[in-house]
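Every chain is numbered from 1, with letters handed out A, B, ... down the list of sequences. Atom set for the values below is all heavy atoms of this structure, side chains included, hydrogens, waters and symmetry mates excluded.
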Number of protein chains: 2
Amino acid sequence: MRPGEIDEIRKLPLFAAMLPENFDALFRGAYVQNFPPQIELIREGDPADFLHVVLEGSVELFATWNNRETTMATVAPIATFILAATIKNGPYLMSARTLEKARVILLPSADVRKTFTTDPGFAQAIILDLAQCYRSVVKSHKDLKLRTSVERLANYLLRKDHQAGEQGHFDLKIEKRRLASYLGMTAENLSRAIRTLNGYGVEIEGSQVRITDRKDLAAFAKPTPLIDDPKC
Amino acid sequence: MRPGEIDEIRKLPLFAAMLPENFDALFRGAYVQNFPPQIELIREGDPADFLHVVLEGSVELFATWNNRETTMATVAPIATFILAATIKNGPYLMSARTLEKARVILLPSADVRKTFTTDPGFAQAIILDLAQCYRSVVKSHKDLKLRTSVERLANYLLRKDHQAGEQGHFDLKIEKRRLASYLGMTAENLSRAIRTLNGYGVEIEGSQVRITDRKDLAAFAKPTPLIDDPKC
DNA sequence: TTAGAGTCTTGATAAAGATCAAGCGAGGAA
DNA sequence: TTCCTCGCTTGATCTTTATCAAGACTCTAA
């Protein structure tokens with residue numbers, strides 16, 4: 001592991017409250033690995049042998065059934081993924097692949113499970129992390145069941161604009177076909193949805209998004225914190 | 001509270017590992033209430049003041065946006081709901097209403113939060129419960145994104161048949177319009193979906209379901225534990 | 001620099017699903 | 001009982017979304 005990296009990880013909410021000896025022991029058993037783009041890190045159905053921490057690059061979580069595939073989430077540094085499977089000692093429910101070159105830490109699941117039963121600070125942090133994850137999937141589920149595809153796109157753009165400081169312009173940072181899959185539509189329909197939003201103050205050129213009339217867009221999108229606020 | 005009730009609750013995985021003094025203290029602050037059918041117990045957006053435990057009757061969790069409404073889950077006794085909101089001390093993401101006459105315990109959220117920081121057994125149980133909840137929403141999300149409405153219905157019927165012991169017949173125990181909403185379709189389309197499944201060994205009369213050819217139905221539904229096994 | 005592969009867009013068409021309207025039937029209240 | 005409400009079903013129609021096909025564009029590697 002590189003100097004400084006371990007300190008960054010230590011600052012993650014999930015690990016910050018661990019006892020020093022437990023943190024050290026847990027990460028002594030860790031593997032750090034560098035992966036090229038488009039590598040499958042995890043296949044759904046496999047036993048959850050490792051908890052993953054993305055240090056650099058980005059990772060896509062996706063799911064498949066009957067030859068269909070859908071993007072469930074993208075994970076950006078520094079963050080963990082597949083915590084629930086590790087804890088339940090169950091199979092992965094989602095697959096994961098690198099989108100760019102990525103640097104990932106693998107923590108043996110057995111060590112994680114052993115640690116959280118004896119370290120109350122770690123247990124607290126896991127509780128908060130899982131509650132957060134649960135609520136964010138519930139929000140996605142509401143998004144999908146209650147909104148049309150154009151409405152989902154409109155709200156997605158407002159969320160990203162907000163995260164980028166409401167500057168009115170930002171970079172998508174994801175291929176459109178993956179965004180389409182994430183939003184539960186086809187790439188073709190994403191193109192058409194963008195055109196529809198041209199009429200509500202949205203301009204997209206390549207990966208550059210410009211929101212020229214946030215009021216108009218928000219009037220159309222009707223965002224609510226109960227779906228669209230990631231911190232709530 | 002009625003005699004015996006408290007013992008049943010004590011056996012719930014969430015509470016079984018608590019220290020006796022903490023369990024007693026937590027439930028000394030509890031309110032037991034009886035509600036008629038169709039009463040709104042919780043409105044989404046309200047602060048999560050109570051953790052709820054259903055003792056009798058059943059409760060529907062639903063969500064709304066822009067005058068649309070969708071059923072997210074139904075809770076049968078004995079089970080808790082809205083644990084994540086209680087823990088995060090955030091607003092409810094879903095509303096809840098009684099479907100039948102219901103008996104519910106309300107545990108002040110502040111007490112729950114206080115307790116889990118000091119009771120390791122309770123913390124462990126919360127971790128497992130949240131991980132389970134998280135994984136079950138992920139499965140629902142996959143179901144919704146990867147399958148058509150007829151496929152969702154087919155797999156739902158197989159799951160319920162399995163839970164009823166694979167007898168080949170069982171009772172829906174839920175109004176069809178609510179089932180439709182839960183499955184992400186309209187009541188009209190549920191009717192049509194049922195007709196489609198008549199061709200695959202499914203007969204439904206009122207709330208009575210009969211599966212006359214499970215093989216045929218499974219060949220159509222293509223169930224997978226990674227979506228359809230509630231225990232996995 | 002060019003060839004090739006993959007992405008994105010657009011149009012035409014098909015499928016899935018929602019809405020509207022009407023009628024049936026079960027269950028509850030007067 | 002009778003009336004009324006509400007849930008369920010069915011058909012017709014409309015909207016939304018997916019699929020198929022083709023061309024433009026972008027990026028990369030030889």
- Message: Would A:R97 and A:F62 count as a cation-pi pair here, with the cationic atom under 6.0 angstrom from the ring centre and within 45° of the axis?
- Response: yes
- Mind checking which nucleotides bracket the chain A contacts on DNA chain C, 5' to 3', with an atom under 4.0 Å from a heavy atom? C:dT7 to C:dA12
- May I ask you to decide whether B:E56 forms a salt bridge with B:K101, counting only side-chain N to carboxylate O separations under 4.0 Å? no
- Message: I'd like to know if A:K160 pairs up with A:D171 as an ion pair, taking the criterion as any Lys NZ or Arg NE/NH1/NH2 lying under 4.0 Å from an Asp or Glu carboxylate oxygen.
- Response: no
- Message: I'd like to check the side-chain hydrogen bond (donor to acceptor under 3.5 Å, both in side chains) partners of A:R68; sequence neighbours left out, ordered by chain and number.
- Response: B:E151
- Item | Under the side-chain hydrogen bond (donor to acceptor under 3.5 Å, both in side chains) test, residues paired with A:N89 that sit two or more places apart | A:R113
- Which residue, B:T86, B:I105, B:V75, B:I42, forms the side chain to side chain contact (heavy atoms under 4.5 Å, CB included) with B:H52? B:I42
- Item | Test side chain to side chain contact (heavy atoms under 4.5 Å, CB included) applied to A:T80 - qualifying residues, sequence neighbours left out | A:L14, A:F15, A:L51, A:V53
- Item | Qualifying residues under side chain to side chain contact (heavy atoms under 4.5 Å, CB included), relative to A:P108, sequence neighbours excluded | A:Y31, A:F50, A:D111
- Item | Pair A:I87-A:L130, side chain to side chain contact (heavy atoms under 4.5 Å, CB included): steps then yes or no | CA-CA 10 Å; A:I87 282 165; A:L130 285 174; 3.9 Å; yes
Compile the donor-acceptor pairs under 3.5 Å between side chains in residues 184-191 of chain B and protein atoms, sequence neighbours left out, one pair per line.
unit_1	atom_1	unit_2	atom_2	d
B:T186	OG1	B:N189	N	3.2
B:T186	OG1	B:N189	ND2	3.4
B:N189	OD1	B:R192	NE	3.3

Mind listing the residues from [range] sitting with a heavy atom below 4.0 Å of DNA chain D? Number order is fine.
| range | value |
| --- | --- |
| residues 200-209 of chain B | none |
| residues 170-181 of chain B | B:E175, B:K176, B:R177 |
| residues 141-155 of chain A | A:T148, A:S149 |
| residues 186-194 of chain B | B:E188, B:S191, B:R192 |

- Item | Within residues 209-218 of chain B or reaching into it, pairs that qualify as side-chain hydrogen bond (donor to acceptor under 3.5 Å, both in side chains) - sequence neighbours excluded | B:D161-B:R214
- Item | No-hydrogen, no-angle side-chain donor-acceptor test under 3.5 Å, A:E44 and A:T64 | yes
- Side-chain donor-acceptor contact under 3.5 Å, A:E60 with A:T74: no
- Does the side chain of B:I211 reach to within under 4.5 Å of the side chain of B:F170, using non-hydrogen atoms? yes
- Message: Please evaluate residues B:R43 and B:Y92 with respect to the criterion side chain to side chain contact (heavy atoms under 4.5 Å, CB included), reporting the C-alpha separation (whole Å), side-chain torsions for both, the decisive distance (0.1 Å), and the verdict.
- Response: CA-CA 7 Å; B:R43 172 161 303 175; B:Y92 294 121; over 6 Å; no
- Between the axis at one end of the helix from C:dT1-D:dA30 to C:dA30-D:dT1 and the axis at the other (five pairs apiece), what's the angle to 10 degrees? 40°
- Can you list the steps and then say if B:I227 with B:R147 is a side chain to side chain contact (heavy atoms under 4.5 Å, CB included)? CA-CA 11 Å; B:I227 299 180; B:R147 289 173 171 161; 3.4 Å; yes
- May I ask you to decide if A:M94's main-chain N or O and B:K142's side chain share a donor-acceptor pair within less than 3.5 Å? no
